[in-house]
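Not measured: the values here are computed from a predicted model. Just so it is clear: chains get the letters A, B, ... in the order the sequence lines come, proteins before strands, and each one is counted from 1.
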Number of protein chains: 2
Amino acid sequence: MTPDSSNVPRGEATRAALIKAAIDIFGRDGFDAASTRAIAEAAGTNQALIGYHFGGKPGLYLAVLQDIVDRVGQRIGPLVSAIGTEFCPEPGAGSKPSAKRAEALLHQLVDAVLGMLTSDESAAWARLILREQQDPSEGFDLLYEGIMQRVLFVMTRLIGCIRGAPADSAATRLTAFTLIGQTLVFRVARATILRQMNWSELGPEEVAAIRAQLHRNVTAILMEQTGL
Amino acid sequence: MTPDSSNVPRGEATRAALIKAAIDIFGRDGFDAASTRAIAEAAGTNQALIGYHFGGKPGLYLAVLQDIVDRVGQRIGPLVSAIGTEFCPEPGAGSKPSAKRAEALLHQLVDAVLGMLTSDESAAWARLILREQQDPSEGFDLLYEGIMQRVLFVMTRLIGCIRGAPADSAATRLTAFTLIGQTLVFRVARATILRQMNWSELGPEEVAAIRAQLHRNVTAILMEQTGL
DNA sequence: GTCTATAGTCGGATAGAC
DNA sequence: GTCTATCCGACTATAGAC
């Protein structure tokens, strides 16, 4: 229809290219060490356009964080939403799902998080999140509310259902953190793990082995208190 | 004896002050963003002395990594060594320690690592280690051989003993990683955890709650496969 | 909306006095 | 062994042409 070869508004392609490049470079070097020159070059555009589109380096950084939230949402959002509607306590709603169902969904959730954290794509933005955790900036709220809070909410519901314990108790929440930790370690301590296992990458075979181990651990941890 | 008020060689105090300051600043800002000016100022010395004592910024960074290895070694080295001598397979040595003994030591080891990772002191250098894991430099070898390898070695021995499985099997190693991950998460995802728990810090009470949860998890994970 | 050019700041390294 | 002073490169932000 329009004379443009593409159908994005005029400078939208530039905006997207800058964000895409910025994820890599902010992720690799951190906010301070990353240079707007390098980002513009990687994006195939001009350095001055960062000021035009985002107001400056900090504005670009915030746009990058929002983009990460969107990417993660596309990956695990559907599963998280599905669990949320099934397990969110609605007064007068249908019968409560069984613990078996909750356990199956918890395994799915852990698998989804593991798949995300071991993907090559996650290497860049996982670093950004790690940095924000160590030294939260004003952008941390975006990540917390867009990712962590959502995942932890449904995870504590599942654990509470399996154990027959309150989802908001300290023990339930701490259990959720340890489940996340077991998964997170394969991204965070990746260099140590590759060296220790004599692996060269986290390919499908390696991820399958990890998945099996996590499955056993999740079952063991959740069965434990159920029997008390 | 000497006319000096202290008994360190001439510029040793300067060296130590620079390393102490550099741990904080490299930890907070990362290698690139940290400035030698800021480090020198924090150390109460002169910026040019970094070049004199360490040859430059990279040399100072390597000295900092070695210092971290030494600090961690002072904290958990004795326990790790004790476990190593008790569980290292020596041909013709005394009878094998019991699984009960191994489990007790494993709980001690996890406790020691948790105590280290939740200490205020660890905040600075834990960040440095995290960065090295995400993007290993030539200094990563120092950390791996000085810390990770030692801890994982004794941990896999303990797990192998408890399960009656080989300490070098993939499953044993993966289990060790998950145990580390459960502990590590309380340093790595600290910001998320504090917010989610509505805690303001990881003080003695909070650490005790975490410790109890880790204890339950470790028991559950190790009991699971023992019964098969 | 995109570009070039540049002003202003701050970085690491180092020469040379003491 | 420690200091001051300085060189030179890299950075962000921005003015102004197109």
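Counting to the nearest Å, the P atom of C:dG12 and the OH atom of B:Tyr61 are 15 Å from each other. Between A:Leu60 atom CG and D:dA13 atom P there is a gap of 10 Å when expressed in whole angstrom units. One can place CD of B:Gln47 at 12 Å from P of D:dC3, the figure rounded to the nearest angstrom. Rounded to whole angstrom, the span from the CZ atom of A:Phe31 across to the C1' atom of D:dC11 amounts to 12 Å. Between the CG atom of B:Asn46 and the C1' atom of C:dG16 there is a distance of 13 Å, given to the nearest Å. The CZ atom of B:Phe54 sits 15 Å away from the P atom of C:dG12 (whole-angstrom rounding). Atom P of nucleotide C:dT2 and atom CD1 of A:Ile50 are separated by 13 Å, given to the nearest angstrom. B:Lys57 places its NZ atom 14 Å from the C1' atom of D:dG9, with the value rounded to the nearest Å.
Contacts between residues 22-29 of chain B and DNA chain C, defined by a heavy-atom separation below 4.0 Å, involve no residue at all. For the segment residues 32-45 of chain A, the set of residues with a heavy atom within less than 4.0 Å of an atom of DNA chain D comprises A:Ala34, A:Ser35, A:Thr36, A:Arg37, in numerical order.
Remark: B:Arg131 engages no residue in a salt bridge (charged side-chain N to carboxylate O under 4.0 Å, His left out) (not counting sequence neighbours).
In this structure, the side chain of B:Arg150 engages the main chain of B:Gly146 through a donor-acceptor pair within 3.5 Å. A:Gln196 places no side-chain N or O within donor-acceptor distance of the main-chain N or O of B:Gln149, the cut-off being under 3.5 Å. Judged purely by atom type and a 3.5 angstrom limit, B:Lys20 has no side-chain atom pairing as donor or acceptor with the backbone of B:Ala42.
Comment: B:Asp32 does not engage A:Arg28 in a salt bridge, judged by the lack of any side-chain N to carboxylate O separation of less than 4.0 angstrom.
No donor-acceptor contact under 3.5 angstrom links the side chains of B:Asp70 and B:Gln74, judged on distance only.
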Salt bridge (Lys or Arg N to Asp or Glu O under 4.0 Å) for B:Arg15 and B:Asp67? Distances and angles first, verdict last.
CA-CA 11 Å; B:Arg15 253 189 85 95; B:Asp67 193 74; over 6 Å; no
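Proximity note for A:Thr14 (side chain, C-beta onward) versus C:dA15, D:dT2, C:dT2: the nearest is C:dT2.
A cation-pi arrangement, defined by a distance under 6.0 Å to the six-membered ring centre and an angle within 45 degrees of its axis, is present between B:Arg157 and B:Phe153.
Contact detail for A:Thr172 and A:Pro166: the closest heavy-atom pair is OG1-O, 2.8 Å.
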